[in-house]
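Data block below; observations after.
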Amino acid sequence: MARALITGVTGQDGAYLAALLLGKGYEVHGLLHRHGGSEAVSERLRRLGCAGEVRMVDGNLIDLSSLIRLLEKVKPDEIYNLAAQSFVRMSWDQPLLTTQVTAIGTANMLEAVRIAAPGVRYFQASSSEMFGRAETPAQNEDTPFHPRSPYASAKVFAHCLVQNYRDAFGLFGCNGIMFNHDSPLRGIEFVLRKITDGAARISLGLAKELPMGNLEARRDFGHARDYVRAMWLMLQQDKPDDYVVATGRAASIRDLCRIAFAHVGLDYQDHVRVDPAFLRPADVDVTVGDASRARTRLGWVPETSLEAMIAEMVDADLTRWKARL
């Protein structure tokens, strides 16, 4: 039985990845930083029906000694490092925390791997935010990085460090440059989930308007369920490499609002307003991914369309709010 360790296991991607690996017969261990009650942190895993099957282990990405002890105990075959302070807007308010967790946390995990588990296969969750204001119409693995936020800068550090450890120490390390991906498990602080939740609340008469930031920013959105499958495929290859994971289709925030509100029979223009409080100090106009390498080498293709994903998310938010009422 293969054994996997997932950091960030209680997040959206961690929960979907845990469910995927369990379905493939893995023994799954999840790194748990105990900063809240166990009921709260396992909510996403419970929603996927696998909370009782994931073996939670204590540790902290900013404590190297805890990671070394953890790897010596678990002895994983595969490590998926998904943990991060991943809310871009918050990284402007908490740049040092973002750097400590997202950048230095990765350095600690890589060093723990070098010391205690040099033969492990390692996946690092990189981000399309690293490209920033890219000069190419679509971004691939060779597109230069121009990070535009503390979060993106921290992700660039982590991404490059995986490449360094791969070259210097022979680490089987893969970076997955993940473009925007969502699901009903996505946190409310992320833009698409904010939109689907807002559409659900307004349709039920619980709110009248939805304040938003930049409606013209365009992003490449896919479903987390598809994206974690790409993560797993990367670690099944003969050689490690870096891969863009994206749909190749960009949609504006305005488009997302239109699709979500139309799903509940509303015109977004009657309810969505721009609030300067939600504008970023520095934003990225458009990112769209070229996932040709993943399609060719991994045989990976996204299976869920943008419209289907948004409908799934709005329906889940409707169900949740109706249950509360």
Side-chain angles (χ1 to χ4, degrees), residues 3-15 17-18 28-38 40-45 54-76 78-118 120-127 129-130 145 147 149-166 168-169 171-178 187 189-190 231:
R3 186 178 296 118
L5 171 66
I6 304 173
T7 74
V9 71
T10 57
Q12 168 192 256
D13 292 5
L17 179 60
V28 177
H29 297 253
L31 179 66
L32 179 61
H33 175 204
R34 294 189 184 276
H35 54 78
S38 59
V41 299
S42 299
E43 173 60 25
R44 291 183 177 92
L45 291 168
V54 176
R55 306 183 184 197
M56 293 297 190
V57 289
D58 290 320
N60 194 316
L61 284 179
I62 62 175
D63 182 350
L64 174 60
S65 63
S66 76
L67 297 179
I68 293 173
R69 289 193 298 271
L70 174 61
L71 296 187
E72 290 174 340
K73 176 182 178 181
V74 174
K75 295 179 173 58
E78 299 173 1
I79 294 175
Y80 297 85
N81 188 28
L82 312 184
Q85 191 301 99
S86 56
F87 186 30
V88 177
R89 182 65 184 83
M90 185 184 294
S91 77
W92 287 104
D93 299 325
Q94 301 183 36
L96 299 183
L97 173 66
T98 300
T99 301
Q100 187 74 8
V101 175
T102 306
I104 304 305
T106 299
N108 284 333
M109 179 59 81
L110 289 171
E111 191 63 5
V113 166
R114 187 178 72 85
I115 294 170
V120 77
R121 296 192 168 207
Y122 178 93
F123 171 84
Q124 175 68 30
S126 292
S127 169
E129 290 288 330
M130 300 187 306
F145 298 139
S149 68
Y151 167 74
S153 299
K155 279 293 188 181
V156 169
F157 175 89
H159 179 96
C160 293
L161 203 60
V162 171
Q163 295 175 328
N164 294 157
Y165 273 66
R166 187 168 65 205
F169 304 120
L171 170 72
F172 192 107
C174 298
N175 287 302
I177 306 175
M178 318 300 286
E189 67 272 19
F190 290 87
M231 298 176 188

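All of these numbers come straight from a predicted model, not from anything done at the bench. Along the sequence shown, residues carry numbers from 1.
Leu110 pairs in a side chain to side chain contact (heavy atoms under 4.5 Å, CB included) with only one of the listed residues (Leu161, Ile115, Asn81, Leu67), which is Leu161.
The aromatic rings of Phe123 and Tyr80 sit tilted, their planes meeting at an angle between 30° and 60°.
Ala15 is linked by a side-chain contact (heavy atoms from CB on, under 4.5 Å) to Arg44, Leu45, Leu48, Leu185, counting only residues two or more places apart in sequence or in another chain.
Distance CG/Leu5 to NZ/Lys75: 13.0 Å, rounded to 0.5 Å. Atom NZ of Lys73 is separated from atom NE2 of His29 by 9.0 Å, given to the nearest 0.5 angstrom. The distance from the CG atom of Asn108 to the CD1 atom of Ile68 is 9.0 Å, given to the nearest 0.5 Å. Rounding to the nearest 0.5 angstrom, the gap separating the OG1 atom in Thr98 from the CG atom in Asp93 is 9.0 Å.
Judged by distance alone, with hydrogens and angles left aside, the side-chain atoms of Lys155 form no donor-acceptor pair with the main-chain N or O of Ile177 at under 3.5 Å. Proximity of a side-chain donor or acceptor of Thr7 to a complementary backbone N or O of Leu31 within less than 3.5 Å is not detected. Using a distance-only test at 3.5 Å, with no hydrogens or angles considered, no donor-acceptor pair links the side chain of Ser127 to the main chain of Met130. Under a 3.5 Å cut-off, the side chain of Ser66 and the backbone N or O of Asn60 do form a donor-acceptor pair. Judged purely by atom type and a 3.5 angstrom limit, Arg166 has no side-chain atom pairing as donor or acceptor with the backbone of Leu171.
By the 4.0 Å N-to-carboxylate-O rule, Glu72 lies too far from Arg69 to be salt-bridged with it.
Ala103 approaches Ala154 most closely through the heavy-atom pair CB-O, 3.8 Å. What you find for Ala83 and Leu61 is that their closest heavy atoms are CB-CD1, 3.5 Å. For Leu64 against Ala112, the heavy-atom pair with the smallest separation is CD1-N, 3.8 Å. The minimum heavy-atom distance linking Thr102 with Ala158 is given by the pair O-CB, 3.8 Å.
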**Request:** Output, in order, the C-alpha distance, side-chain angles, deciding distance and verdict of side chain to side chain contact (heavy atoms under 4.5 Å, CB included) for Met178 and Met231.
**Result:** CA-CA 9 Å; Met178 318 300 286; Met231 298 176 188; 3.6 Å; yes

**Message:** As a quick check of understanding, evaluate side chain to side chain contact (heavy atoms under 4.5 Å, CB included) for Thr99 and Phe157, giving each step before the final call.
**Reply:** CA-CA 9 Å; Thr99 301; Phe157 175 89; over 6 Å; no

**Prompt:** Passes side chain to side chain contact (heavy atoms under 4.5 Å, CB included), Val9 versus Val54? Steps please.
**Reply:** CA-CA 9 Å; Val9 71; Val54 176; 4.1 Å; yes

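Side chain to side chain, Tyr122 and Glu78 fail the donor-acceptor criterion of an N or O pair below 3.5 Å. For the residue pair Gln124 and Asn175, no side-chain donor N or O sits within less than 3.5 Å of a side-chain acceptor on the partner.
Contact of the Ile79 side chain with the Leu71 side chain is registered, since non-hydrogen atoms from C-beta on lie closer than 4.5 Å. You'll find the side chain of Thr10 reaches within 4.5 Å of the side chain of Met56, heavy atoms only. In this structure, Gln12 and Phe190 have side chains that are not in contact, with every pair of non-hydrogen atoms separated by 4.5 Å or more.
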